[in-house]
Amino acid sequence: MNNLLKQLLKILSDGKFHSDADLENELNLTQSVLCELMEQLKQLEITIITDTQGYKIAGGFELLNKDIIAKYMSNDFDGYLRYLFIYDELTSTNTYLAELAQLKCGRYICLAERQIAGKGRLGRTWISPYGRNIYLSLLWSFKIELEQLSGLSLAVAVAVTEALKRYGIVQNCGLKWPNDILWQNRKLAGILIELSGESRRSNSIGDEYSVVIGVGVNVNMSQQSSKHITQPWCDIAQIIDAVPERNKLVAFLIESLWTTMVIYNKQGLAPFLAKWRELDVTYGKKVAIVTPQQQIIGIARGVDETGRFLLEDEDGKMQRFASGEVSLRL
Ligand code: BTN
């Protein structure tokens, strides 16, 4: 997004009417440029109301803002904001941090107002319209055995539900293995964890793995973009009867994810298993699990200590899966 467009959006974000003359003066532009910028905002699915008083965005528009995020963070955490980068537009926040990991060590958090090619699990696209949802990635190094990373996505799912709970979504949240966050069985948030081949570093303490943890939360999905979502979904605007506050939820997500990573690095999945099992929406239900090789139907029996999915097959045999896509069979 160019600078002028961003400035215009900032002015209109208050939700009040601004006249043509005021906007032209403030931004030092002509009427035809102003019209062009309004058109560009519409292209971003930002609805502009126009009447004799000028232009406004109904309900206002909340841009991501480090100062507001800081306001919602506990004192022990606000120091971590120096590791936070906010971008207007990225191909994918996960890709950005994976590339950064090749150049720098350390912990970073990255947010984007929109992703041009947001990535979902199993090669899917994560629909990422401008300024409406949360697209967050966290880069973290773990000093643990590689096998221990297999349960990380479950711990992250628990961390995200904790943040949603603190935000006010206390009921009807559930988890579907390995890490789908559902509200009334519709997808509210997704997690994509990526370990890049080159991210392993050896030192005197042992191996260290850099991992990118990507979290997408549907906050206020635009109607137009929602047409491209291929699974049952919901957003926070449908759940809570108030204007969603992305910066507040981002603060809660960062705190929850950060705490979880510190614990996971020391203790692995164990401290998160009870909570995950409590939120498991498929436990005891008839499900199908699809892997690249096969589809198996059976009864979901939760997860084992390493986070693998347990399926009691039609012969009564317990099978374990480290990856795959689970769906309920009604
Ligand atoms: C899923 O399919 O459930 C995973 C979705 C993960 C989406 C997030 S948005 C932030 C980060 N960047 C990406 O490209 N993907 C993840």
Side-chain angles (χ1 to χ4, degrees), residues 64 69 84-101 107-140 152-161 163-164 173-183 185-196 210-222 225-226 228-236 246-247 249-250 252-254 256-258 261 276 279 281-282 289-292 307 309 323-328:
L64 295 171
I69 295 171
L84 170 68
F85 301 102
I86 302 178
Y87 293 95
D88 225 36
E89 184 178 290
L90 287 175
T91 312
S92 146
T93 52
N94 265 30
T95 306
Y96 176 81
L97 285 189
E99 285 168 7
L100 189 74
R107 299 161 177 185
Y108 294 97
I109 310 157
C110 158
L111 291 163
E113 291 287 10
R114 85 158 158 164
Q115 301 185 112
I116 306 299
K119 298 185 287 185
R121 282 184 66 234
L122 308 168
R124 294 195 189 108
T125 299
W126 189 255
I127 305 297
S128 312
Y130 189 92
R132 296 195 159 257
N133 304 313
I134 293 172
Y135 321 115
L136 179 153
S137 296
L138 172 68
L139 175 65
W140 200 273
L152 179 63
S153 66
L154 277 71
V156 173
V158 170
V160 173
T161 53
L164 289 167
C173 256
L175 297 177
K176 181 166 77 68
W177 187 87
N179 52 20
D180 280 356
I181 290 124
L182 308 178
W183 187 81
N185 287 324
R186 289 176 288 148
K187 189 142 164 177
L188 175 61
I191 294 160
L192 179 68
I193 297 189
E194 296 180 289
L195 168 82
S196 97
S210 283
V211 179
V212 178
I213 298 141
V215 179
V217 184
N218 295 331
V219 177
N220 191 6
M221 183 61 80
S222 65
S225 284
S226 70
H228 304 291
I229 305 180
T230 52
Q231 52 192 324
W233 65 276
C234 71
D235 61 12
I236 288 180
R246 285 189 305 151
N247 289 300
L249 182 54
V250 163
F252 295 170
L253 281 167
I254 293 174
S256 186
L257 288 167
W258 202 283
M261 296 310 116
W276 200 92
L279 292 163
V281 292
T282 60
I289 179 160
V290 180
T291 70
F309 185 72
S323 64
E325 176 82 343
V326 175
S327 56
L328 276 169

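We use all heavy atoms of the structure for the numbers below, so side chains are in, but hydrogens, waters and symmetry mates are not. Everything numeric in this text was worked out from a predicted model, so none of it was measured. Read the numbers this way: they start at 1 and go in the same order the structure lists the ligands and their atoms.
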**Request:** Examine the proximity of ligand 1 to Arg124 and report which part, side chain or backbone, both or neither, has a heavy atom under 4.0 Å away.
**Result:** neither
**Message:** Only heavy atoms of Thr93, strictly under 4.0 Å: list the atoms of ligand 1 that pass.
**Reply:** 10 (C), 11 (C), 12 (N)
**Distance from atom 8 (C) of ligand 1 to nearest protein heavy atom, with residue and atom** = Gly216 N, 3.6 Å
**Message:** Quick check for you: to the nearest 0.5 Å, what is the distance between Arg124 atom CZ and Ile229 atom CD1?
**Reply:** 12.0 Å
**Prompt:** Would Glu325 and Arg121 count as a side chain to side chain contact (heavy atoms under 4.5 Å, CB included) if you check the C-alpha gap in whole Å, the side-chain angles of each, and the deciding distance to 0.1 Å?
**Reply:** CA-CA 9 Å; Glu325 176 82 343; Arg121 282 184 66 234; 3.3 Å; yes
**Residue pair Cys173 / Leu279: nearest heavy atoms and the distance that separates them** = O-CD2, 3.7 Å
**Prompt:** For the side chain of Asn179 and the backbone of Leu154, is there at least one donor-acceptor N/O pair under 3.5 Å apart?
**Reply:** no
**Minimum-distance pair of heavy atoms, taken over all atoms of Gln115 and Ser128** = NE2-OG, 3.0 Å
**Message:** For a 4.5 angstrom cut-off between non-hydrogen side-chain atoms, does Trp183 reach Leu164?
**Reply:** no
**Fill in**
So the atoms of ligand 1 within less than 4.0 Å of a heavy atom of Gly118 turn out to be 14 (O)
**Asked** What is the nearest protein non-hydrogen atom to atom 15 (N) of ligand 1, stated with its residue, atom name and distance?
**Response** Lys119 O, 2.7 Å
**Message:** Can you name the atoms of ligand 1, numbered from 1 with element, that are less than 4.0 Å from a heavy atom of Lys187?
**Reply:** 1 (C), 2 (O), 3 (O)
**Request:** For Ala157 and Trp276, work out which heavy atoms get closest and say how close.
**Result:** CB-NE1, 4.2 Å
**Item:** pair Leu152-Met261: side-chain heavy atoms closer than 4.5 Å
**Value:** yes
**Polar proximity ligand 1 side, Tyr135 side, N/O cut 3.5 Å exclusive** = no
**Prompt:** Out of curiosity, is Gln115 lining ligand 1, as in a heavy atom under 4.0 Å away?
**Reply:** yes
**Item:** Identity and distance of the protein heavy atom lying nearest atom 5 (C) of ligand 1
**Value:** Trp126 CE3, 3.4 Å
**Asked** What do we get for Ser137 next to ligand 1 when only non-hydrogen atoms under 4.0 Å count, side chain, backbone, both or neither?
**Response** side chain
**Heavy-atom side-chain contact between Arg132 and Met221 under 4.5 Å** = no
**Prompt:** Which atoms of ligand 1 sit under 4.0 Å from any heavy atom of Ser92?
**Reply:** 12 (N), 13 (C), 14 (O)
**Asked** Once you round to the nearest 0.5 Å, how far does CD1 of Ile213 lie from CD1 of Ile191?
**Response** 9.5 Å
**Asked** Counting only heavy atoms, which portion of Ile191 has something under 4.0 Å from ligand 1: side chain, backbone, both, or neither?
**Response** backbone
**Item:** Sub-4.0 Å atoms of ligand 1 with respect to non-hydrogen atoms of Leu136
**Value:** 10 (C)
**Prompt:** With backbone taken as N, CA, C and O and side chain as the heavy atoms from C-beta onward, which portion of Val215 lies under 4.0 Å from ligand 1: side chain, backbone, both, or neither?
**Reply:** backbone
**Item:** Subset of ligand 1 atoms that lie under 4.0 Å from at least one heavy atom of Arg121
**Value:** 1 (C), 2 (O), 4 (C)
